[in-house]
Structures are given as C-alpha cells and as structure tokens.
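Chain letters run A, B, ... following the sequence lines, proteins first and then strands; every chain starts at 1.
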Amino acid sequence: MFSNLSAVMQRKHRKRRNEFMSSNNNKTFPVRGIRSRMFTVTIFVFLAIFVVGAALLIVADALYVDADAVHTVLTDSNIRHALWMSVWTSCTTVTISLVFAVPIGYALSRYRFFGHALVDTIVDLPIVFPPLVAGLTLLVFFSQTHIGRWIQDMGLEFVFQPKGIVLCQFVVSASFAIRSAKSTFDDVDRRLENVALTLGCTHWGSFFYVSLPLALHGIIAGGILTWARAFGIFGPLMIFVGSFRGRTEVLPTTIYLEQSIGHLEVALAVALLLISVAGLALVSIRLLGGRAMLKL
Amino acid sequence: MIRTKQLTYEIGDFQLKEANFQLGHGEYFALLGPPGAGKSIFLECLCGLRRPLSGKIFLDGRDVTRLEPRRRKIGYVPQDYALFPHLTVERNIQFGLRRRGFARLEINQRVIETAERLGIRKLLGRSINGLSGGERQRVALGRALVLEPKVLLLDEPVSALDESTRETVCGDLRRLQQQLNLTIIHVSHNLEEAFSVADRAGILRGGVFQQVGMMDELLRRPVSEFVARFMRCENILTGRLTGLSERGPFSVVRVDEVDFLMPEILRGGTVKFVVRPENIVVSRSAEQEGAGQGDSEQDGAVKMVIPVKCVRAADRGAYVRLVLEAAGLRLIAHVSHQSFTELPIPSGVPHGRGGDLCAVIRPQNVKVITEEK
C-alpha cells in the first residue's frame, strides 16, 4: 500500500516539476535586452529582501531560545493542551467556514439580487476591520443583548468557553473562504453549467458535477487562508474567551501569557512551535493539494 | 418537428421579436445573421437555457416552453464547445448518460459506437486540454449525439476551426445528418459554411427573422436590401417607375439613364431592386448583341442589353469580378475565366478602362425588394 502511495506521490511530483519547468523555461521568455534584465533583477531584489528578512527574524528567535525553554515547551501539559486547542479549533473553523463559503460564494457569483453590493460589502467587513473589534462585538452581543443571552440560556454558551474560540475564529476568518470561493466560481465558465443542464443535470447536478470540481482548488486555497488566519488570531480571543490555562488557551495566547510573566525564551519557543506547525500544514497541503497553492 | 409561435425574449436593449419558425424532421437548417443578431439567444431559448417572455415552443407538437432543458431532448453544442476540462474525452461523452442513470454496459456501448462514428475512439482516454480544435468539436458533438436528441442545436460549430478543417468538418456534419436522419439547426455568420451544409436557412437581424427559405431562394429572391447584402448581392439599385414595357408584362424602371425591365407590374414611383452579379452576362459589344441600349429578343426570351465599359477586373479564383460602368451607373458582374478571356478587355485593366462591352440581363433575374423589417 505504501509503495503504491509513494508511486502516486512520485508521479505527482514529476508532473508538477514538468509543469514548473515548462512554464518557467527560459525559452518561453522573449529576447531580452539589458533593460529587460534589469527589470527582472529589480523584482527579484524585492523578493530576496522579503524572504531573507523573514528568515532572519525566525533565525533570531531560534538563537534566543535555549534548551530549557524547548524542554519546557515539549513537556508542559498546558502548552500541549494549547497546541491541541489551536489545532482542533482552527480545523473546525475551516470546516464550518467552507460549509458556509461554498453556497455563499456561489450565490454572490451567480445571482444578481437586490442588495447584492451591500451583502458583498458585509461579507468583506471582517477582512478589513481590526480582529479586536470582532471579539468586542461578540462579547457585547452575547452578554448585553436579549438574543445573545437567550442563546446562552439555551445551553449554547460561548463567552469564556472553548466553543467561543471556534465562533470567534469563524467570525474573523470565514470571509477569506467566502471571498476565495466567490472569485473561483466567477472563473468557472457558466456555459459549462448550461451544457450540463441540457445533458440531463438538474441545477444540483450541474453544481456538484461541474462547478464544484472546477472550483475545488480555489476553495481549498480559501480554506488554507482561513486556517492560517484562524490559527494565528489572538486579540479577539483574549476579549471573548479569555486565556484560562488548560481551558481556553491557544498557542497565540500562550505566547502572550509566557512573555507577560517574563518567560521570553519559552514564549519564543512556543512561537517557533506555532511557525513550525503552520509551515508543516502549508507544506502538506501543497504536496497533497497541488494547484490549490497556486491560487493563493 | 420543432416550431416556435410568437417567441419573444428581451435582455438589455436586445429583443427577440415574435419569432415564428418551423423545422421539419430530418432537415438541416442554417440560422444566419451578423454578430449580435440574436442567433445564439434564439438557440438558448429553444433548448431552455433562457425563459421566453411570451410565445410557445413546440417539439413534435408538444408544448415544451416551460420544460426544463434536461427534459426537452434537444442536444446543444455551444460556441467553443464548452467541454468539461476536469474530465477525459470518454467522461465528457459519458456525462449525459451517467446523469440520466443509464446502465454501465449501455453507457460503454453507446460511447464506443458514437466515438467510432465520429472517428475519435483513440482519443477516449485523453484529457481535453491537449485536443485540437477539430477534435474538440467532434467530442462536443459526440457528447450531444450520444443522448440521441430529437433536435441538435449547433452554435457556430466550425467558426473556431481553420479553413481546411472547416470544410472537412462541414462535410462530416452533413454526412452524419443524412446517416442518422438528424434535425439540425446550425448557427453561423458564414455564407459558404451554410451553403455547404444546409437545406434551408433563416436570416436574423436585430432579433427579427428577415427571411426564411431554401438556400437558393434566399440567394436569388431576397426580400429586403439587408438580405440581399447579406447574401452578397452587390447590385442593389433604386430607380423611378416610368411605365410599362411594350415587350410583355414588364414595368420599366429608370436608374440614371439606364432602363431596367421588372418582371412584374408595379405601382408607385420609386422602386428598389437587385440583380445578382452572376446573372449579368457580359458580351463583346452592344452592336453584336443587337441595337444599342434596349431590349433584345434574339432567342425568343426578352433581355435587357446595356452598353457598358469595364472599369476594373479582379481574379477571385473561381470567377472574375468585373466592375462595369454604364451612363453613370455602376454594375458588378461575375464571369468565368473562359468568358473573361474572350472579352476585349485590355491587359491594362484593372489599371485602365476596358473596351466597349454590353451587359445582358433577363428580367426574370431582377428581384424587386421591399422595405426593411
């Protein structure tokens, strides 16, 4: 079984490498003079500054961290719990976000209705307002409004509860999934759906057999953005669910708590752990998802 | 077979106006018209992708106006084919059969049968991305044909192909239509393409059917100036009715200084008429055809003989296009290479003015046209 999986991975890798080579081969560029070469050099200088800068920051963190801090991070049950909380809440958030993003993105892409522009703006709002505002708004809604209190009284408690982490992450990051789904559905030729209708599909059929498979890479890309955003949020969580050790603590709040009590090395070690987990997840998705990453 | 009654559709500024149209079983119909005439919209109304504002669509006598596209049994091949890029050729062709719940055995049998008929069996395992234009067209055709539709709608099926492939594909389409006795509506803005496939044609302009008829009828007897121009009739003339001819039941219409005989008795002052370039016979000189300008009855049939000079001659491959001038009037004639070599036109033409010639036109080849719709 593993040899089969390995063969599949190798084939995928070969195919991607060939695609990369064919799209980036020097032969595909026009004949270039000195000014054109200078253009290429200029854009690569900016790329290099950014990448080297980011790498330097991580290296500086790593150099500051000592063996005791690493040991603490690996053995502390609270930090392990925070890591687990970060992973499951962000994954749940992505799942819920995609469940909402696919129909909302399709509706915004395919239908023109009264208030379309307003709805479009509301969907984008969480992208532009500071995440802190989301936490504050949720806190006010669930503690100060009748509907919010009624929801809490019905047993759906969010304030200072682990469920609140998912809600908070969803509010802050679902817009990325919706925006990505909408732009991907925009790219799917509507005539393909129309042809599917004439070939015997209902609207459900044309969506599930034509539009969704064609939009899948873009939707996965939106999921990656959502996950990255959900995994890293801190401010709104501090306001809405607090940072109770072993209960509502996630990795970003661990970093804050550790540095606030003077354990800077441990905070940086947790930060490196967070970067490693995020990097590992992105690399895995890149290997498994293929073209999804190209949409980012 | 398929009939529309007062079909009306509106989108933005465009309106398809009360289209009445009928097509018999096994007919190959060409829907012609300039870009923006509403040809694709009309097809989309027929297959249910657009909901008409009013009017009815009947298929085999049954009203299908409010039926979903999947229930109409109408095959549709859109412009650029709209093949599903995430599926292989085989999966594309299978698509409709699978969605309609056919058994696997029957799906395979029908797909192979269709692929063999269209000569694409070896492509079945391939991805859509690597196919040529002609191959894509065949796959799209196969995808529609495998469902055995009652009517097949082809929206500019060969416009994306090069000239030589287009001719082959048009021939194949016609052969396929005859083999399977298919009813086809083929949208095009290309006249040669329509002539190579269709029995009948309709010309659409601004959402209105200008004329529907046999190809020959559209060519020889256009009802309006637009149809005449679309059918590439270059001699569209306007004159004044001067009276009746003494030679028979003909009206005489004067254009500048030249008299034309109309094949019918007309009333009213101004008359617009067309003469197809290939219906003008060009002879050596007016003297050899009889008298000067006027009517001739040498072989029993009444003919108009107009003294002309050749202004320009251009070789168009299958024929020579002559620009003739007569008393300020300009006529276009198409003559064969054989006839052209017999004419006393100096080798200097097209750069100089040719010698004395005469244009001979039979009144039967003159068609009076009406006002635009």
*Heavy-atom count around A:F39 CZ within 6.0 Å, excluding the residue itself: above 12?*
no
_Side chain / backbone / both / neither for B:L83 at chain A, heavy atoms under 4.5 Å_ = backbone
*Measuring heavy-atom distances to chain A, does B:R143 have an atom under 4.5 Å in its side chain, in its backbone, in both, or in neither?*
both
*Measure the spacing between CG of A:L199 and CD of B:Q94 and express it to the nearest 0.5 Å.*
12.5 Å
*Going through the distances and angles, do A:L197 and B:Y76 end up as a side-chain contact (heavy atoms from CB on, under 4.5 Å)?*
CA-CA 10 Å; A:L197 295 177; B:Y76 173 57; over 6 Å; no
*Just wondering, are more than 12 heavy atoms of other shown residues or ligands nearer than 6.0 Å to CD1 in A:I43?*
yes
_Other residues, nucleotides and ligands only: do more than 12 of their heavy atoms fall within 6.0 Å of CZ on B:R62?_
no
_Tell me which of these, A:V210, A:L192, A:V195, has more heavy-atom pairs under 4.5 Å with chain B than the rest._
A:L192
*Decide if atom CH2 of A:W84 counts as having more than 12 heavy atoms of other residues, nucleotides or ligands within a radius under 6.0 Å.*
no
*Engaged part of A:D189 at the chain B interface, taking heavy atoms whose separation is under 4.5 Å*: neither
*Shortest non-hydrogen contact from A:C201 toward B:R70*: O-CD, 3.3 Å
*Is the CZ atom of A:F113 crowded by more than 12 outside heavy atoms at less than 6.0 Å?*
yes
*For A:T198 and B:R100, work out which heavy atoms get closest and say how close.*
O-NH2, 3.6 Å
*Other residues, nucleotides, ligands: >12 heavy atoms within 6.0 Å of A:F129 CZ*: yes
*How long is the span from the CZ atom in A:R191 to the CG atom in B:D155, to the nearest 0.5 Å?*
9.0 Å
*Go through the steps to decide whether A:T202 and B:R99 satisfy the test side-chain contact (heavy atoms from CB on, under 4.5 Å), and finish with yes or no.*
CA-CA 9 Å; A:T202 58; B:R99 299 288 80 77; over 6 Å; no
_For the student: nearest non-hydrogen atoms of B:H86 and A:P213, plus distance_ = CD2-CB, 3.6 Å
*B:R91 atom CZ: more than 12 heavy-atom contacts under 6.0 Å*: no
*For B:L147, is it the side chain, the backbone, both or neither that has a heavy atom under 4.5 Å from a heavy atom of chain A?*
side chain
*Do B:F95 and A:Y209 come close enough that some side-chain heavy atom pair is under 4.5 Å?*
yes
